[in-house]
Amino acid sequence: DAGITQSPRYKITETGRQVTLMCHQTWSHSYMFWYRQDLGHGLRLIYYSAAADITDKGEVPDGYVVSRSKTENFPLTLESATRSQTSVYFCASLDGTDTQYFGPGTRLTVL
Amino acid sequence: AQKITQTQPGMFVQEKEAVTLDCTYDTSDQSYGLFWYKQPSSGEMIFLIYQGSYDEQNATEGRYSLNFQKARKSANLVISASQLGDSAMYFCAMREGLRGGSQGNLIFGKGTKLSVKP
């Protein structure tokens, strides 16, 4: 199906474990983004990518790593998960009309 | 300082009535974009409407319109003829810089929870 998908939709992990959240879009959009959503903070940008192999930090990048070897994929890795990284994570891509379209989100719980 | 301020944490509206959700922004850029997104209880983020800083007319999309007052730096969302399905969180967001020329990063407000009463 066309659009932007995220996997897994729900994930429970333990402190210190590595976790990778996947994001895939079928539109061939150049720009992609990762946000986290926490109560009282709205959405905050973690990382973004302007194209394959080009990534840059957003507002809250600490503890996260991204890569973008292909235009359609933009995985987000928590190298050593902490409880403060319990959140809902949204991936988004930017279309030609300057609008960001979001994936369905991944709810991550770090115990 | 917050760049996007939504002062109404929660609002109620009667079904079929109109409602205005407030949003003020802060930027020194001349070129910027303003967006509204809806987040229902299912969690997805749904794009509603966009207003560019150089657009002279207020944006409209069906029952949604954006009341853009540039001098006051406000971009309020107006929903006409509210429906039960409009109950959701609503986020105002801003993209600073040139359309298509920036990284397109959005800065979000903290949201307003709208509840539509039957």
Side-chain angles (χ1 to χ4, degrees), chain A residues 1 3-11 23 25 27 29-51 54-61 66 68 74 87-109, chain B residues 1-10 21 23-25 29 31-55 59 61 64 66 88-113:
Chain A
D1 290 344
I4 184 164
T5 57
Q6 293 182 235
S7 62
R9 295 293 314 280
Y10 302 90
K11 177 73 177 178
C23 178
Q25 53 110 351
W27 294 306
H29 291 163
S30 294
Y31 280 98
M32 296 186 73
F33 307 83
W34 274 106
Y35 294 88
R36 60 177 289 173
Q37 183 178 27
D38 305 290
L39 280 175
H41 288 282
L43 278 79
R44 292 179 292 174
L45 183 69
I46 305 171
Y47 269 95
Y48 69 95
S49 169
I54 302 174
T55 62
D56 207 348
K57 296 178 180 179
E59 180 187 354
V60 289
V66 293
R68 191 147 177 227
F74 190 35
S87 187
V88 180
Y89 291 85
F90 285 98
C91 178
S93 68
L94 183 70
D95 78 352
T97 67
D98 197 31
T99 299
Q100 285 193 31
Y101 291 93
F102 287 79
T106 294
R107 186 175 294 274
L108 176 68
T109 302
Chain B
Q2 288 188 43
K3 293 210 168 187
I4 296 287
T5 303
Q6 295 181 252
T7 57
Q8 307 150 314
L21 306 184
C23 174
T24 59
Y25 59 92
D29 284 355
S31 179
Y32 51 89
L34 297 156
F35 302 78
W36 278 92
Y37 286 83
K38 173 184 178 181
Q39 187 176 41
S41 58
S42 52
E44 69 268 34
M45 294 288 289
I46 302 167
F47 166 71
L48 294 178
I49 196 166
Y50 165 82
Q51 178 86 39
S53 58
Y54 293 118
D55 295 340
E61 289 286 349
Y64 304 108
L66 201 152
M89 283 290 289
Y90 288 82
F91 291 96
C92 180
M94 177 175 65
R95 184 264 304 136
E96 290 182 298
L98 293 172
R99 177 173 179 164
S102 72
Q103 69 269 25
N105 173 35
L106 291 177
I107 303 165
F108 283 84
K110 295 185 178 181
T112 295
K113 184 174 183 179

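Not measured: the values here are computed from a predicted model. Naming convention: chains lettered A, B, ... in sequence-line order (proteins, then strands); numbering from 1 in each chain.
Here the straight-line distance linking atom CZ of F47(B) with atom OG1 of T97(A) works out to 6.5 Å at 0.5 Å rounding. Taking CD1 of I49(B) as the start and OG1 of T99(A) as the end, the distance is 11.0 Å to the nearest 0.5 Å. Atom-to-atom distance recorded for F33(A):CZ and L106(B):CG is 7.0 Å, nearest 0.5 angstrom. Taking CD of Q39(B) as the reference point, atom CZ of F90(A) lies at 4.5 Å (rounded to 0.5 Å). Summarising the geometry, atom OH belonging to Y35(A) is positioned 5.0 Å from atom CZ belonging to F108(B); distances are rounded to the nearest 0.5 Å. Separation of atoms CG (L94(A)) and CZ (R95(B)) is listed at 9.0 Å; rounding is to 0.5 Å.
By the ring-ring contact (aromatic ring centres under 6.0 Å, His included) test, F35(B) is found to be paired with Y50(B), residues two or more places apart in sequence or in another chain being considered.
Residue pairs meeting the salt bridge (charged side-chain N to carboxylate O under 4.0 Å, His left out) criterion with at least one member in residues 32-41 of chain A, sequence neighbours excluded: R36(A)-D38(A), D38(A)-R44(A).
Neither the backbone nor the side chain of E59(A) has a heavy atom closer than 4.5 Å to any heavy atom of chain B.
For Q37(A) against F91(B), the heavy-atom pair with the smallest separation is NE2-CZ, 3.3 Å. Heavy atoms only, all atoms of each residue included: Y37(B) and Q100(A) are closest at OH-O, 2.6 Å.
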